[in-house]
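The structure appears below as structure tokens.
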Amino acid sequence: KVTGARMQDGVIIVANTGSNELQRFDASGKLLGFEGRKGNGPGEFTGIIGLSSAPGDSLYVFDSENLRWSLHDRTGRYVRTLAGGAGALARPAWLYHRLMVRNAAGAPVPAWVLGLLDSLPEPLRGSPPRQAMIDDLGFLWIQDLASMSRWMVHSGIGPAVGVVSLPSGFELTQAGPDFVLGRAVDSTDQELVRLYRLSRPPDLSAAPGVPEGNVAVGDSSSRAKLFADISGIMTAEEMFYSNHASYTGNADSLGARLSGGSELVLIAGDKRHWAGLLYDRATGTTCGVSVGSPAPIGWLDGMAFCGR
């Protein structure tokens with residue numbers, strides 16, 4: 001699994017889990033150097049590596065095996081390990097009203113973003129999970145369910161101010177002032193980090209400053225109900241694996257019994273891992289879990305959570 005991040009000078013840092021390295025490339029794709037190796041020491045990695053932008057043109061790096069966040073400079077060089085283990089930063093991939101939302105690790109969430117997400121129409125049962133992302137400039141990108149490769153760009157509550165269509169199969173992970181970056185899989189099943197140029201109109205070069213909001217996680221009773229359902233789903237996935245030598249990404253294949261009002265949406269399922277979310281339509285509470293690897297950055301293997 002590879003992930004990437006573009007720095008302000010155009011250098012691209014690629015987290016290569018296979019080689020336990022942070023690799024540094026120029027804009028043409030030329031390898032400039034690398035940092036890190038396999039191990040448990042400072043600046044070393046053993047698990048899935050995830051990248052998230054940090055203040056001052058630096059990076060937060062998450063090691064899913066060592067369960068820690070570390071700070072790295074713009075070249076990928078290790079600076080320090082953050083105190084607090086896996087909980088040192090708020091998850092950069094979080095859940096809200098049946099959406100998967102991404103923004104910088106530990107960064108506050110603008111109140112208007114939550115208000116806009118609250119205003120979205122209820123999704124149809126069985127529809128794929130919708131995604132959203134706060135970009136480097138503070139705009140909110142929301143995936144269009146009619147075309148999963150098209151994103152609606154918002155600068156506040158109200159209609160979209162822009163539309164971006166991306167190549168099919170391209171998984172968006174970062175949108176900067178003049179680029180989009182993400183992950184793709186080629187015809188030989190190799191994972192690639194790709195970058196495309198993005199043209200923004202002059203009046204969309206900066207999102208308005210707005211106060212921070214709080215990511216709701218739902219009331220305690222709805223969380224308890226969803227956690228109980230997740231336990232049942234985990235058992236059902238293991239039973240499916242024992243019969244098919246693979247997990248499933250099809251919720252109907254599990255036949256799991258859920259509490260009234262709970263809706264299961266599986267994000268992925270294959271021979272190595274599965275991930276899914278549960279949604280309570282009555283309260284909007286959204287919880288998720290991932291077993292195996294890879295998982296969204298900041299998620300802990302087999303540990304359910306709600307909100308952020």
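Residues passing the salt bridge (Lys or Arg N to Asp or Glu O under 4.0 Å) test with R200 are D135, sequence neighbours excluded. Residues that satisfy the salt bridge (Lys or Arg N to Asp or Glu O under 4.0 Å) test with D280, not counting sequence neighbours, are K225.
Side chain to side chain, Y96 and D118 meet the donor-acceptor criterion of an N or O pair below 3.5 Å. Side chain to side chain, D229 and S259 meet the donor-acceptor criterion of an N or O pair below 3.5 Å. Neither side chain, T188 nor Q190, offers a donor N or O lying under 3.5 Å from an acceptor on the other. D219 and S221 share a donor-acceptor pair across their side chains, judged by distance under 3.5 Å alone.
Residues F305 and F227 approach most closely at N-CE2, 4.0 Å, considering heavy atoms. Taking each heavy atom of V291 and G302 in turn, the nearest pair found is CG2-CA, 4.1 Å.
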V163 and R150: CA distance, side-chain angles, deciding distance, side-chain contact (heavy atoms from CB on, under 4.5 Å) verdict: CA-CA 7 Å; V163 179; R150 185 170 61 190; 3.5 Å; yes

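Sequence neighbours left out, the pairs with a member in residues 31-59 that pass salt bridge (charged side-chain N to carboxylate O under 4.0 Å, His left out) are R37-E44.
Put simply, the side chain of S242 gets close to the backbone of M239: a donor and an acceptor are under 3.5 Å apart. T286 places a side-chain N or O within donor-acceptor distance of the main-chain N or O of G284, the cut-off being under 3.5 Å.
Counting heavy-atom neighbours within 6.0 Å of F34 CZ, excluding the residue itself, gives a total of 12 or less.
Linking Ile, Leu, Val, Met, Phe, Trp and Tyr whenever their side-chain heavy atoms come within less than 4.5 Å leaves V217 and W94 in two separate clusters.
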